[in-house]
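In what follows, a structure is listed as structure tokens, so that the remarks can point back to it.
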Amino acid sequence: MLKRTKIVSLINADQTIDQVLVKGWVRTRRDSKDFSFIEINDGSCLKNIQVIANNNLANYEEVKKLTTGSSVAITGALVASKGGNQKYEIVAQEIEIYSLAPDDYPLQKKKHTDEYLRTIAHLRPRTNKYGAAFRVRSELSFAIHKFFNDRGFRYVHTPIITGSDCEGAGEMFQVTTLDLNNIPKLPNGEVDYSQDFFGKAAHLTVSGQLNGEMYALGLGDIYTFGPTFRAENSNTTRHAAEFWMIEPEMAFADIYDDMDLAEDMVRFCVKHVMDKCADDLALFDKFVEPGLIAKLQNIVDNGFARITYAEAIEIMQKSGHNFEYKPEFGIDMQTEHERYLAETHFKRPVIVRDYPKEIKAFYMRLNEDGRTVAAMDVLVPGIGEMIGGSQREERYDVLVQKIKEMGMKEEDYSWYLDSRKYGSVPHAGFGLGFERMMMLVTGIANIRDVIPFPRTPNSINF
RNA sequence: UCCGGCUUAGCUCAGCGGUAGAGCAAUCGGCUGUUAACCGAUUGGUCGCCUGUUCGAAUCAGGCAGCCGGAGCCA
């Protein structure tokens, strides 16, 4: 019994083969007088394999009805192609038709707009561009795991459902089994969560960081890589309600170790994808973002610029550039500022650190100057903020003070504070939006096009 | 959530007060070791929805919806 061979193996074969079995979907069929050319794609690589179907096939009349999108199994000989565009082709000995796609198959043999393909997100992995995008997504995920595994980081699975409604990273989706048409209430009118599934209010996680810190302070170096949810009404090309985040956390590390890790990780992952997905990246370089490969090579070769927030403000003030929001110490950086720094001034990724404490989260470590925190953001051309991280405040008293200052309840963080109470050590970590790294690597400009089935405000189809 | 734009054939668009068009796709036929093949023919639309202005609305005005882009929030 002949085993199926994937097309990627045949494309890269080093010699002809008497008999092979390929299975896939028809991309196009071109008829000649006595035979037909059929191009088959099975998703194993960007390229199709060309099949020659001669009229001596038992079911040649059926073969001539093959439409774009139909599925087939083809047994034949892998031979040198007489045509110029491919090294090998298959001369079919037998063509089994699994299924003929009717003439309303939505994918035509031409370029479709991304907007249209979003309306048929269940079929877009059958296109060249989206096939490439999701092969890269898989390879990029693997690169993340490989990078951390090679460095001895442990992969920690932090909870998706959280009972802490104060992770502090944005609006949360509530999780409940209460009957929304008949909500149990307390005498004071508030919802009686004691009757809910967990006996208290529950939400989808917005970050695994606080949990991740606990494991770093036991296992040493850890990372999380999983889905994250934000109920923000964000309508942009860079935000989704459900996205994947990578959150490493290192014990016995400071903000400089953190920046080194972020830069090393991005450069490793970019290099990995360049090595493993050359054909797919070439497609993006040609049709999606001209100059993409040169941009990626620059990231791999030259590394990131590093400046402090104060230096960033000064650079912008002296630039003569007309900003809508004037750069002054203390402002939260706007998109225009991030883009100026990464795209115009440095023309490569830049890490900005030591932000004013007022604009950053409570858990970030207060610097010696008393007015900045050891936070760092990685700003990337075309995307803006891709990574946000910090050295964590490990001093119990300072952290409690910060929690109070920001109007939060100390008792809500008792378990978190335990880590500072018992054997606290300096530690640092960051959060990386996986889809944003996908956008960097592929040049795809909309986050909806780098997630298989994107979830955004008012959109949860498929 | 705010600002702007768009919505006409399966897809991409033109038409911008006088009653519906093109290219591609599809279907049929022809031709050819073809390469998103080529040539010819055919099919295909209550012009997003509602209301108004007008003798007459795809076209002008108002409202609504959806989509897209920018901003904010952030990853």
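Below, chain A is the first sequence line, B the second, and so on; all start at residue 1.
Atom-to-atom, CD of A/Glu171 to P of B/rU1 comes out at 13 Å; the value is rounded to the nearest Å. In this structure, CG of A/Leu432 is placed 18 Å from P of B/rC74, rounded to the nearest angstrom. Between A/Leu66 atom CG and B/rA26 atom C1' there is a gap of 16 Å when expressed in whole angstrom units. Atoms NZ (A/Lys33) and P (B/rA37) sit 21 Å apart, rounded to a whole Å. In this entry the distance linking CD of A/Glu336 with P of B/rA71 reads 9 Å, nearest Å. The distance between atom NZ of A/Lys109 and atom C1' of B/rU27, rounded to the nearest whole Å, is 13 Å. One atom, CZ of A/Arg29, and another, C1' of B/rA36, lie 15 Å apart when rounded to the nearest Å. Whole-Å rounding puts the A/Gln209 CD to B/rC74 P distance at 15 Å.
Across all strands, A/Met437 comes closer than 4.0 Å to no nucleic acid atom at all (heavy-atom distances). Residue contacts for A/Ser81: at a heavy-atom cut-off of 4.0 Å it reaches a base atom on one of the strands shown. Heavy atoms of A/Glu89 sit under 4.0 angstrom from at least one base atom.
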Once each nucleotide of nucleotides 41-46 of chain B is scored for protein heavy atoms under 4.0 Å, what B/S/- sequence comes out, 5' to 3'?
------
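Residues A/Lys109 and A/Thr68 bring no donor and acceptor atom of their side chains to less than 3.5 Å of each other. Using a 3.5 Å distance cut-off with no hydrogens or angles, the side chains of A/Ser32 and A/Arg30 do not pair a donor with an acceptor. Side chain to side chain, A/Tyr363 and A/Glu213 fail the donor-acceptor criterion of an N or O pair below 3.5 Å. Between the side chains of A/Asn367 and A/Thr372, at least one donor N or O lies within less than 3.5 Å of an accepting N or O.
Nearest-nucleotide mapping onto RNA chain B: of A/Phe434 and A/Pro457, the residue sitting toward the 5' end is A/Pro457. Taking for each of A/Tyr105 and A/Met386 the nucleotide of RNA chain B with the nearest heavy atom, the 5'-most of the two is the partner of A/Tyr105.
Rounded to whole Å, the separation between the P atoms of B/rG18 and B/rU27 comes to 37 Å. For the C1' atom pair drawn from B/rG10 and B/rG4, the interatomic distance equals 30 Å after rounding to whole Å. For the C1' atoms, the distance linking B/rA26 with B/rC11 amounts to 11 Å, nearest Å. Between the C1' atoms of B/rU51 and B/rG5, the separation comes to 23 Å (whole Å). Using C1' as the reference atom, B/rU46 and B/rC67 are 22 Å apart when rounded to the nearest Å. Atom name C1', nucleotides B/rG17 and B/rC47: the rounded distance is 15 Å, in whole Å. Of the P atoms belonging to B/rG23 and B/rC38, the separation is 14 Å, rounded to the nearest Å.
Partner assigned to B/rC11 is B/rG23, using Watson-Crick or G-U wobble distances below 3.5 angstrom. B/rC60: Watson-Crick or G-U partner is B/rG52, with both key distances under 3.5 Å. Summarising the base pairing, B/rG69 is matched to B/rC3 through a Watson-Crick or G-U wobble pair whose two defining distances lie under 3.5 Å.
Of the candidates B/rG72, B/rU12, B/rA75, B/rU12 carries the atom nearest the A/Tyr116 side chain, counting heavy atoms from C-beta on. Distance from the side chain of A/Thr28 is smallest for B/rA37 among the nucleotides B/rA37, B/rA71, B/rG23. Comparing B/rC74, B/rG10, B/rG33 by their nearest atom to the side chain of A/His239 picks out B/rC74. The side chain of A/Phe35 lies closest to B/rG33, out of B/rC24, B/rA71, B/rG33. Checked against B/rC74, B/rU12, B/rG66, the side chain of A/Lys110 finds its nearest nucleotide in B/rU12. Taking every side-chain heavy atom of A/Arg436 into account, B/rC74 is the closest of B/rU27, B/rU35, B/rC74. If you check B/rU34, B/rG69, B/rC74 against the side chain of A/Thr335, the one that comes closest is B/rC74.
Salt bridge annotation for A/Asp114-A/Lys129: present, with a cationic side-chain nitrogen under 4.0 angstrom from a carboxylate oxygen. For A/Arg151 and A/Asp264, the salt-bridge test passes: some basic side-chain N is under 4.0 Å from an acidic carboxylate O. A salt bridge is defined here as a Lys NZ or Arg NE, NH1 or NH2 lying under 4.0 Å from an Asp or Glu carboxylate O, and A/Lys360 with A/Asp377 meets this definition. Looking at A/Glu336 and A/Arg339, no side-chain N of the basic residue comes within less than 4.0 Å of a carboxylate O on the acidic one, giving no salt bridge. Residues A/Asp285 and A/Lys295 are not paired through a salt bridge, judged by the lack of any N-O separation under 4.0 Å between the basic side chain and the carboxylate.
Regarding contacts with the backbone of B/rG72, a side-chain N or O of A/Gln334 is found under 4.0 angstrom from either OP1 or OP2. At B/rC68, one or more side-chain N or O atoms of A/Arg118 fall inside 4.0 Å of OP1 or OP2 (strictly under the cut-off). Note on A/Ser207: every side-chain N or O is 4.0 Å or more away from OP1 and OP2 of B/rA75. When the side-chain nitrogen and oxygen atoms of A/Arg30 are compared with OP1 and OP2 of B/rA37, one or more of them lie within a distance under 4.0 Å. Distances shorter than 4.0 Å separate none of the side-chain N or O atoms of A/Asn85 from OP1 or OP2 on B/rU35.
Where stacking is scored as ring centres under 5.5 Å apart with planes under 30°, A/Phe243 registers as stacked on the base of B/rA75.
One cannot find a donor-acceptor pair under 3.5 Å joining the base of B/rC11 and the side-chain atoms of A/His112. Applying the 3.5 Å distance criterion, the base of B/rG70 shares no donor-acceptor pair with the side chain of A/Glu324. A donor N or O paired with an acceptor N or O is not found under 3.5 Å between the base of B/rA36 and the side-chain atoms of A/Arg27. In the interface, the side chain of A/Asn235 is paired with the base of B/rU1 through a donor and an acceptor atom under 3.5 Å apart. Judged by atom type and distance alone, A/Arg448 does not reach the base of B/rC68 through any side-chain donor-acceptor pair under 3.5 Å. For A/Ser234 against B/rC73, a side-chain N or O and a base N or O form a donor-acceptor pair under 3.5 Å.
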Could you check A/Asp42 against A/Lys23 for salt bridge (Lys or Arg N to Asp or Glu O under 4.0 Å), going step by step and ending with a plain yes or no?
CA-CA 7 Å; A/Asp42 67 0; A/Lys23 301 184 178 188; over 6 Å; no
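Partners of A/Phe225 according to the ring pair (Phe, Tyr, Trp, His ring centres under 6.0 Å) rule, which considers only residues two or more places apart in sequence or in another chain, are A/His145, A/Trp244, A/Phe434.
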